[in-house]
Amino acid sequence: MVLHDRPRYRPPRHGRELAWDLRYTAAFRFVAAQGRLPKQLGGREERGLQRWLYAQRLKLESGELDERKVGLLEALGEWWD
């Protein structure tokens, strides 16, 4: 059997919320330490945070982000640009 023949594992909803909160905390700490948003040309972790923020922008545009998450992301600065 090939791995991609299996259905994709979807963690429980609380797991997704926890994962989101952990990723946000990493982004918040990065911004606090560096004084800027993560860039694509940075190191491996910085690129991961930049891609995560990009995914959050797409979710914002499609109306998938709840108010709590939008409020938290706005604390990062102009993350949506």
Side-chain angles (χ1 to χ4, degrees):
M1 173 167 34
V2 180
L3 181 62
H4 66 274
D5 289 342
R6 294 182 184 176
R8 184 172 163 212
Y9 172 72
R10 299 223 179 236
R13 188 70 183 147
H14 61 50
R16 288 183 188 168
E17 294 299 316
L18 178 60
W20 192 95
D21 289 343
L22 291 173
R23 202 68 164 149
Y24 171 77
T25 299
F28 183 85
R29 287 180 177 165
F30 179 90
V31 171
Q34 301 294 323
R36 62 175 174 80
L37 292 170
K39 296 180 181 178
Q40 188 174 7
L41 299 176
R44 182 176 166 213
E45 186 168 336
E46 184 175 356
R47 284 191 311 270
L49 292 172
Q50 187 275 334
R51 286 191 298 266
W52 181 79
L53 283 172
Y54 177 74
Q56 301 314 300
R57 288 182 196 108
L58 295 178
K59 288 181 179 185
L60 178 67
E61 291 172 4
S62 66
E64 295 178 47
L65 279 181
D66 61 46
E67 290 180 29
R68 179 186 81 89
K69 290 178 181 176
V70 172
L72 288 170
L73 288 166
E74 286 179 354
L76 298 177
E78 295 187 16
W79 68 277
W80 58 87
D81 286 339

If you look only at distance, which donor and acceptor atoms sit under 3.5 Å apart when one is on a side chain in residues 25-36 and the other is two or more places apart or in another chain?
| from | atom 1 | to | atom 2 | distance (Å) |
| --- | --- | --- | --- | --- |
| Thr25 | OG1 | Asp21 | O | 2.8 |
| Arg36 | NH1 | Glu46 | OE2 | 2.6 |
| Arg36 | NH2 | Glu46 | OE2 | 3.3 |

- Kindly write out the residues that satisfy side-chain hydrogen bond (donor to acceptor under 3.5 Å, both in side chains) with Glu67, not counting sequence neighbours, or none if the list is empty. none
- Hey, does Leu49 have a side-chain heavy atom less than 4.5 Å from the side chain of Leu37? no
- Are the side chains of Leu60 and Leu73 in touch, meaning some heavy atoms are under 4.5 Å apart? no
- Item | Pairing residues for Trp52 by the ring pair (Phe, Tyr, Trp, His ring centres under 6.0 Å) criterion, not counting sequence neighbours | Trp20
- Task: Can you see which heavy atom on Arg68 is nearest to which on Glu17, and at what distance?
- Result: NH2-OE1, 3.5 Å
- Query: In this structure, are over 12 heavy atoms from other groups packed under 6.0 Å from Glu64 atom CD?
  - Reply: yes
- Check side-chain contact (heavy atoms from CB on, under 4.5 Å) between Leu58 and all other residues, then give those that pass, not counting sequence neighbours. Tyr54, Glu61
- Hey, could you give me each pair passing ring pair (Phe, Tyr, Trp, His ring centres under 6.0 Å) that has a residue in residues 55-77? Not counting sequence neighbours. none
- Item | From CG (Asp66) to NZ (Lys59), nearest 0.5 Å | 10.5 Å
- Checking side-chain contact (heavy atoms from CB on, under 4.5 Å) for the pair Gln56/Arg23: CA distance, chi angles, key distance, verdict? CA-CA 11 Å; Gln56 301 314 300; Arg23 202 68 164 149; over 6 Å; no
